[in-house]
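One structure is given below, encoded as structure tokens.
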Amino acid sequence: MRARLLTAALKLFGEHGYEGTTIDHIAAEADVARQTVLNHYPHKRDFLREWGRDRRDQLLTVVDSDEPARTRLHRYFAALAAMNERERTLTRMLHVSLRHDEVVATQHPVPDATIDAIRQGQERGELKAGLPPRTVAEVVTAIYGDTLRRWLAGDAPPFDLAGALAERLDLLLDGLTAPKDS
């Protein structure tokens with residue numbers, strides 16, 4: 001039922017905008033009573049949180065903890081780009097509708113998978129040691145967030161999101177790569 005309600009809500013958000021969609025609209029789209037919606041999603045913003053959680057859960061399936069840090073992070077960024085390209089209109093509308101604290105709540109500013117990739121990359125000698133993994137992960141996440149915001153800014157995508165994310169990630173990782181022993 002939760003998935004059915006979320007699907008209905010996201011469809012309506014994409015068609016009518018977040019503000020233009022009511023709980024009653026969602027109930028009608030899902031063909032359920034208003035109270036059924038409220039039992040599963042007491043507040044309209046709960047749909048946004050669930051949308052963010054679903055996207056994070058999808059990301060967990062694309063990375064392999066045995067891969068090198070660079071590979072893991074590139075897979076992560078490629079998966080994010082694919083999600084955003086697939087749902088660009090919805091992503092754009094929801095980003096505009098969210099307050100800053102809700103963006104943080106729906107997208108976890110520093111995903112654990114990113115911190116883990118950095119930490120393991122340092123432990124394996126792939127990345128420079130001595131830098132706090134969370135801080136490095138915050139920079140990686142900031143690159144994603146800034147690139148996504150600029151990509152969502154216009155009506156049409158102004159650049160290739162996947163390519164831009166890969167380019168920026170490489171720029172950062174090249175500066176973090178542990179020097180090879182000669």
Q) Judged by modelled atom types alone, do Gln58 and Asp54 share a side-chain donor-acceptor pair under 3.5 Å? A) no
(Q) Do Leu127 and Leu173 have side chains that approach each other closer than 4.5 Å (heavy atoms only, starting at C-beta)? (A) yes
Q.
Less than 3.5 Å apart, any donor N or O on the side chain of His74 or Asp170 sitting next to an acceptor on the other?
A. yes
Q.
Nearest 0.5 Å, please: how far is NE2 in His25 from CD in Glu15?
A. 11.5 Å
Q | Any Val37 side-chain heavy atom under 4.5 Å of Asp24 side chain | A | no
**Q.** Rounded distance [0.5 Å steps], OG1 in Thr91 versus CZ in Arg86
**A.** 9.5 Å
Q | ring-ring contact (aromatic ring centres under 6.0 Å, His included) against Tyr41, all qualifying residues, sequence neighbours excluded | A | Phe47
Q.
Atom CG of residue position Asp146 - does it have more than 12 heavy atoms of other residues, nucleotides or ligands inside 6.0 Å?
A. yes
Q: Mind checking side-chain hydrogen bond (donor to acceptor under 3.5 Å, both in side chains) for Glu67 and listing every partner two or more places apart, or none if nothing turns up?
A: Arg75
Q) Hey, what do you get for CZ (Arg134) to CD1 (Ile118), rounding to the nearest 0.5 Å? A) 12.0 Å
Q) If only atom types and distance count, is the side chain of Glu126 paired as donor or acceptor with the main-chain N or O of Ala69 below 3.5 Å? A) yes
Q) Hey, what do you get for CZ (Phe13) to CG (Leu94), rounding to the nearest 0.5 Å? A) 7.0 Å
